[in-house]
Amino acid sequence: MTIGIVPEAGEGSDFVCDGWRMTRFRHRVTGHQLVVKSARGGDTAALDREFDNTAVLVRLFHRDRVPRQLAHVVARDDTGPTGTRLLLSLRGSRLADWTSPDALHGNQLESAVRDLFTAVAALHRCGLVHGRLDLEHLWWDGNGLQLSGLDTAVRAGRTLPPRPVTAWDPPEFGYGRTAEEQDDVHSAALLAFWMATGQTVPPGSSRSALRDLVDPHEEWIRGLMLRIFSHTGPAQLPPRLPRAREVQEWLEPQPPPGQRLWEERRDRNLEQAQELARKNFAQLRTHQRSVRETRRQREEEAARRERERRDRAAAAATRAAADEAAAARGGPPPRNTGGRRGLRATVLSWLGLDTPPEPGPPPPPRAAPFVPPPSREAEQLTVECPVCLNVLVWDSLRRGQYEDVRSPAVRGEPDEPEPRPARAGGRAARAAQEARSYRTCPGNPTVGPHALPERYPSYGTPVRIGLVGESATGKSHLLAAMIHQVMDAGLAQQYDIEVQPLDQRQYNEYRSRTIDPLMRGRLELHPTPESDVVHFAVGLIVTDLHSGRRHTVVFFDIAGERLQRHGPEVDFLGGLNALLCVVDPTSVPGLGRLGRRRSGQGEDLAVAAVRTRLKAQRNGADSPLLSLPCALVVSKSDKLRHLRLGEAEPWLPGGDEPEDDLTGVERESEDVYTLLAARGGRRALDLVHECEDATLHLASATGTGAVEVRRPDGRTERRFGDGFGQHRVLAPLLSLLAMKGVMTGPRAYLGLHRDVPPGGSRT
């Protein structure tokens with residue numbers, strides 16, 4: 001079934017549990033015990049439910065963080081002769097096979113009870129209720145307790161499947177009962193009492209009767225039972241039991257005084273670090289606004305001087321033309337009296353004694369003001385190539401045309417027919433021809449020839465967005481999710497924009513290669529390859545419905561290893577005018593519970609290389625910051641849900657903040673800045689400190705981790721299972737468009753302390 005496991009031999013290696021056939025295996029390398037579970041009668045519905053429930057666990061805890069107390073699915077095989085088989089991380093022996101619980105005593109007993117409530121609490125955090133806690137689903141291996149039976153678990157509030165009543169069920173349990181967490185707590189308490197005493201609590205026992213039962217036993221089990229059944233009795237129907245997590249926390253061993261002092265000091269330090277981070281964020285915003293205002297004033301002054309220069313040049317040309325006309329008539333050049341009259345003429349006019357002058361011959365026609373003819377260079381459109389940064393005379397480039405705008409992968413699909421040629425001479429015909437046309441840039445000695453869409457320079461200076469970050473940070477998944485959502489016409493119009501592909505053929509290829517495998521097939525994308533020619537991954541034309549203006553927007557998604565290079569092959573970085581920085585939360589030292597993805601001090605080498613190159617190429621002596629915006633995204637935010645991070649909670653799936661409202665971007669930026677700065681992620685904020693404007697975001701392109709599945713042909717692939725979805729992926733892109741002035745109007749307002757008031761526009 002799976003490479004790396006070997007079957008166990010001997011008695012008990014193949015057995016039946018709760019109607020399922022179970023076969024024991026061991027991992028060839030680690031020696032961990034595993035179990036293959038299959039249906040004896042071919043009924044796979046319950047196996048599908050167990051697999052789906054495991055996916056819910058993986059979504060919350062991720063594969064390597066699922067509590068060991070829960071037996072869960074490691075792999076699935078649908079190609080076996082007996083149908084579906086599941087490989088479970090299940091070890092030890094069932095408590096149902098024990099004649100008595102005497103094997104559990106002392107610390108082992110306390111550990112087993114604590115493991116039981118830990119498993120139940122983990123299920124409840126996922127919104128699941130086990131619904132059938134009994135000895136058949138408890139396993140002990142000498143080191144800890146495991147809870148199995150995820151095939152019986154259902155969502156809280158749903159109807160439990162019909163089954164016989166057991167001694168571990170609450171008194172009110174019956175047919176058609178909905179799944180409630182307190183039923184699991186009730187059953188777990190009865191099982192804990194059995195493990196401690198070998199006895200069961202009679203249903204409906206009063207508090208005094210319960211006290212009589214537990215008094216002879218250890219203090220911790222007495223406290224546990226009286227804590228859970230504090231309101232037991234006929235007068236309380238049904239009793240409201242504590243939550244499993246509360247019981248778990250109560251069972252946790254209390255740390256020694258020294259450790260408690262250390263934890264208190266750690267919490268105080270975190271609070272101080274958070275307060276300092278928020279102050280630093282406010283100072284950063286003040287500095288960024290000051291730099292932007294200084295640059296705006298400098299640009300306005302330069303524009304004013306340019307207007308004055310043009311006015312002086314036009315006046316000089318007019319005077320020169322008048323002098324030439326006077327010289328042609330043989331008279332002196334006209335004097336510029338400025339329209340002023342003499343004192344005598346003014347007094348006579350006031351007394352009404354002035355006489356109008358006799359009419360003379362009509363003046364000769366004025367010569368038209370002299371305007372110098374435009375140079376040949378001024379008539380030609382010059383464009384900076386986004387790939388090699390060559391300055392190109394656009395009309396001199398060789399022009400080509402695609403015969404078929406569809407990519408080979410989607411050619412022939414019924415929902416995307418080949419566009420019919422429009423009638424010659426019409427606007428539609430010209431637009432269709434432009435959409436199919438491209439220009440060939442000759443490149444340079446480092447970068448070979450490459451194609452640019454015909455419409456690339458048609459809408460002013462293009463917006464060139466670079467996705468920066470090390471490999472495996474999720475850049476490609478994030479970009480694919482962004483493009484997928486922003487190309488949704490209904491969703492885009494909510495933000496007063498319209499979006500269409502810049503190059504239909506390139507977009508179709510990107511969709512078939514990247515978007516469809518992720519969004520339709522739920523496949524994990526392969527790392528971005530290092531190609532010979534660095535080209536933007538996809539281009540869009542974004543129309544702002546508020547102003548009516550159009551902009552070209554292109555996205556560069558480059559392998560992290562390539563971004564770290566320093567040769568001329570990455571000169572394209574100097575042409576970027578917007579950055580999308582992607583940070584993996586597992587690289588932040590203070591979020592160590594996620595598991596470190598790499599060693600080091602939290603510095604992203606790819607981001608550091610990009611920052612250094614941009615500063616060298618773009619910064620001037622009068623510009624302390626990079627004159628471009630940056631949107632920093634903490635990707636894979638679904639990994640943060642179980643860490644109880646107060647500043648992150650509103651922006652995580654299930655949080656209070658709506659996804660479609662950009663007015664909260666400034667609050668989100670402050671919270672994400674605090675999250676990183678207070679937990680050792682200050683190096684990840686370096687690019688934010690270097691840019692004139694920046695926003696910070698939490699986003700998830702997949703909503704869950706990928707698991708390895710086996711295809712019918714025997715090959716394996718990594719696929720996203722239950723819980724797959726996108727969260728807040730559009731906010732970073734829309735924030736960049738707002739900061740670049742592509743989006744204007746009320747929907748471009750990003751919250752407090754921004755430059756643009758509601759209803760205004762950014763210039």
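Scope of the values below: all heavy atoms of this structure, side chains included, with no hydrogens, waters or symmetry mates.
Taken from CG in Leu70 to CG in Leu88, the straight-line distance is 12.0 Å, to the nearest 0.5 Å. Between atom OG of residue Ser148 and atom CD of residue Gln69 there is a gap of 13.5 Å, rounded to the nearest 0.5 Å. Note that OG1 of Thr54 and CG of Leu150 are 5.0 Å apart. Values are rounded to the nearest 0.5 Å. How far CG of Leu191 is from NE2 of His137: 11.5 Å, rounded to the nearest 0.5 Å. Atoms CD and CG, on Glu524 and Leu518 in that order, are 9.5 Å from each other to the nearest 0.5 Å. Here NZ of Lys37 is found 14.5 Å from CZ of Arg21. Values are rounded to the nearest 0.5 Å.
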| request: Could you please spell out the steps behind the side chain to side chain contact (heavy atoms under 4.5 Å, CB included) verdict for Leu87 and Asp77? | output: CA-CA 8 Å; Leu87 182 65; Asp77 181 19; over 6 Å; no
| field | Residues Arg91, Trp139; criterion side chain to side chain contact (heavy atoms under 4.5 Å, CB included); working and verdict | value | CA-CA 7 Å; Arg91 59 188 183 275; Trp139 305 72; over 6 Å; no
| field | Pair Val129-Asp183, side chain to side chain contact (heavy atoms under 4.5 Å, CB included): steps then yes or no | value | CA-CA 9 Å; Val129 174; Asp183 291 352; 5.6 Å; no
| request: Test side chain to side chain contact (heavy atoms under 4.5 Å, CB included) on Leu128 and Arg155 and set out the steps. | output: CA-CA 5 Å; Leu128 298 174; Arg155 292 280 185 179; 4.1 Å; yes
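The minimum heavy-atom distance between Leu34 and Ser89, with the atom names listed, is CD2-CA, 3.9 Å. Taking each heavy atom of Phe117 and Ala189 in turn, the nearest pair found is CZ-N, 3.9 Å. Considering all non-hydrogen atoms of both residues, Ala699 and Leu478 come closest at CB-CD1, 4.4 Å. Shortest non-hydrogen contact noted between Gln485 and Leu730 is OE1-CG, 3.5 Å. The heavy-atom pair separating Ser587 from Val583 by the smallest distance is OG-CG1, 4.3 Å. Shortest non-hydrogen contact noted between Ile515 and Ala480 is CG1-O, 4.0 Å.
Under a 3.5 Å cut-off, the side chain of Gln146 and the backbone N or O of Asp141 do not form any donor-acceptor pair. Of the possible donor and acceptor atoms, none in the side chain of Ser635 sits under 3.5 Å from a partner among the backbone N and O of Gly474. Of the possible polar contacts, none joining the Lys475 side chain to the Val582 backbone as a donor-acceptor pair under 3.5 Å is found. Side chain of Gln726 to backbone of Ala701: a donor-acceptor contact under 3.5 angstrom is found. In this structure a side-chain-to-backbone donor-acceptor pair under 3.5 Å is present from His477 to Leu525. A donor-acceptor distance shorter than 3.5 angstrom exists from the side chain of Arg719 to the backbone of Gly521, with no hydrogens or angles considered. Distance alone, capped at 3.5 Å, places no donor-acceptor pair between the Asp134 side chain and the Thr166 backbone.
Every residue meeting the side-chain contact (heavy atoms from CB on, under 4.5 Å) condition with Ala112, not counting sequence neighbours, appears here in chain and number order: Leu104, Trp140, Leu145, Met195. By the salt bridge (charged side-chain N to carboxylate O under 4.0 Å, His left out) test, Arg24 is found to be paired with no residue, residues two or more places apart in sequence or in another chain being considered. Contacts of Arg728 classified as side-chain hydrogen bond (donor to acceptor under 3.5 Å, both in side chains), with partners at least two apart in sequence or in another chain: Glu668.
Residues Thr23 and Arg85 fail the side-chain proximity criterion, which asks for heavy atoms closer than 4.5 Å. Residues Leu90 and Met22 form a side-chain contact, since some pair of their non-hydrogen atoms from C-beta on lies under 4.5 Å apart. Within the 4.5 Å cutoff, the side chain of Ser111 has no heavy atoms near those of the Gln108 side chain. Residues Arg94 and Glu136 have side chains in contact (heavy-atom distance under 4.5 Å, counting atoms from C-beta outward). Counting only heavy atoms from C-beta outward, the side chains of Pro101 and Leu95 never approach each other to under 4.5 Å. Side-chain contact between Trp651 and His727 is absent, with no heavy atoms from C-beta onward closer than 4.5 Å. Between Leu135 and Trp98, the closest side-chain pair of non-hydrogen atoms is not below 4.5 Å. The shortest distance between side-chain heavy atoms of Glu50 and Arg76 does not fall below 4.5 Å.
Using a cutoff of 4.0 Å between basic side-chain nitrogens and carboxylate oxygens, Asp169 and Arg163 are scored as salt-bridged.
Below 30°, between 30° and 60°, or above 60°: for Trp168 and Trp194 the angle between ring planes is above 60°, a perpendicular geometry.
Checked by atom type, the side-chain pair Ser700/Asp638 shows a donor-acceptor distance below 3.5 Å. For the residue pair Asp115/Thr118, the side-chain donor-acceptor check at 3.5 Å is not satisfied.
The residue from His130, Arg243, Glu181 that alone fulfils the side-chain contact (heavy atoms from CB on, under 4.5 Å) condition with His124 is Glu181.
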